[in-house]
Amino acid sequence: DENDIAKDEL
Amino acid sequence: MNIFRLVGDLSHLLAILLLLWKIWKTRSCAGVSGKSQIMFGLVYITRYLDLFTNFISIYNTTMKAIFIAVAIATIYLIYFKFKATYDSNHDTFRMEFLIVPVGGLAFLVNHDFTALEILWTFSIYLESVAILPQLFMISKTGEAETITSHYLFALGSYRALYIVNWVYRYYFEGFFDLIAIVAGCVQTILYCDFFYLYVTKVMHGKKLSLPA
C-alpha cells in the first residue's frame with residue numbers, strides 16, 4: 001500500500 | 001530518489017564517518033555523548049529490521065548496513081576501547097526520559113498496528129530527539145571540538161535536506177508520510193540553535209562555545 005513507499009527512504 | 005535525498009544521505013554518511021574518524025584518530029571520545037550514540041544505534045536497528053526481508057536497491061541495503069555497522073563501531077569505541085576518555089560526568093541526560101515517551105507515542109500514533117510498523121515509527125520518533133543528550137552535553141561543557149561541530153552540522157543538515165526531499169516528493173510524486181515529516185521537522189528545529197552558532201562561529205574559524 002502507499003505506506004510501503006515510505007520505506008524506500010533510509 | 002532525488003538530489004535532496006541523495007545529498008541528505010551522503011551528509012548523514014559523512015557525519016557518522018566523521019565522528020568515528022575523530023574518535024579513532026584522536027583516540028578519545030571527549031565531548032561525545034555516548035547516550036546519543038546508543039540511541040542512534042537503536043534508531044538504525046529498529047528501522048532497518050527489514051534489511052534482509054525487504055530488498056529495495058543495492059544502494060538502500062548498502063547504506064543501511066553501513067549505518068548499523070558504523071553506529072555499533074562508534075558505540076564500541078566509546079564504551080569499550082576508549083572508555084577512559086568517555087566524559088560520563090557531562091553525559092548525564094536521562095535516556096529513559098526520551099525512550100519511554102517515544103515508545104508510548106509509537107504505540108498510539110502509527111500507520112499500522114503491526115510489530116514492524118510500530119518499531120519503524122519508534123525509530124522515526126526516537127531519531128528526532130536522539131541528539132538531545134549530545135546538545136545537552138555541549139551546553140554543560142560550554143563548548144565543542146571543531147570536528148564535533150562539523151559532525152553535528154552534517155547530521156543536522158541531513159534531516160533538513162530530507163524535509164526538502166519530502167516537499168519535492170509531495171509535489172512530484174504526490175507522496176508524503178506525515179509521521180516522518182513531523183518528526184523530521186522537530187529533529188531539524190532542535191538543531192536551529194546549533195546551526196546559528198555554527199554559522200556565526202565555526203564558519204569564521206572560531207571554536208564553538210556557548211555563551212556561558
Side-chain angles (χ1 to χ4, degrees), chain A, chain B residues 1-2 4-13 16 43-44 47-51 53-57 59-68 71 110-114 116-117 119-121 123-124 127 158-159 161-163 165-166 168-170 173-181 183-184:
Chain A
D1 62 346
E2 68 88 20
N3 183 44
D4 286 343
I5 312 171
K7 301 305 181 289
D8 73 343
E9 293 182 347
L10 289 176
Chain B
M1 174 60 82
N2 58 67
F4 305 112
R5 182 145 63 100
L6 181 61
V7 175
D9 287 341
L10 295 178
S11 179
H12 189 185
L13 181 65
I16 62 175
V43 164
Y44 302 137
R47 189 174 307 177
Y48 302 153
L49 289 171
D50 62 352
L51 180 61
T53 59
N54 181 13
F55 179 79
I56 290 167
S57 68
Y59 170 81
N60 189 273
T61 302
T62 310
M63 291 293 265
K64 285 177 176 178
I66 292 173
F67 285 173
I68 291 175
N110 52 59
H111 289 310
D112 201 15
F113 201 74
T114 61
L116 217 53
E117 188 63 28
L119 283 170
W120 178 83
T121 310
S123 160
I124 291 287
E127 186 188 7
Y158 128 73
R159 214 60 180 171
L161 284 160
Y162 253 70
I163 293 174
N165 151 66
W166 288 320
Y168 177 91
R169 292 190 80 177
Y170 177 69
E173 299 170 29
F175 156 82
F176 71 98
D177 180 332
L178 214 49
I179 284 178
I181 292 170

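Heavy-atom basis, side chains included; hydrogens, waters and symmetry copies ignored. Residue numbers begin at 1 in each chain, while the letters A, B, ... track the order of the sequences.
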Partner residues of B:Tyr170 under the side chain to side chain donor-acceptor pair (under 3.5 Å) criterion, sequence neighbours left out:
none
Winner by heavy-atom pair count (cut-off under 4.5 Å) against chain A, out of B:Asn60, B:Asp50, B:Ile179
B:Asn60
Does the distance from a Lys or Arg side-chain N to an Asp or Glu carboxylate O, for A:Lys7 and B:Glu117, drop under 4.0 Å?
yes
For a quick test of reading the model, state the closest non-hydrogen atom pair linking A:Asp8 to B:Arg5 and the distance between them.
O-NH1, 3.3 Å
Pairwise side-chain contact, B:Asp177 with A:Glu9, heavy-atom cut-off 4.5 Å (strictly under)
no
Give, as side chain, backbone, both or neither, the part of B:Tyr44 having an atom under 4.5 angstrom from any heavy atom of chain A.
neither
All heavy atoms of B:Tyr48 vs all of A:Leu10, minimum pair found to be OH-C, 3.3 Å
Residues in side chain to side chain donor-acceptor pair (under 3.5 Å) with B:Arg159, at least two apart?
none
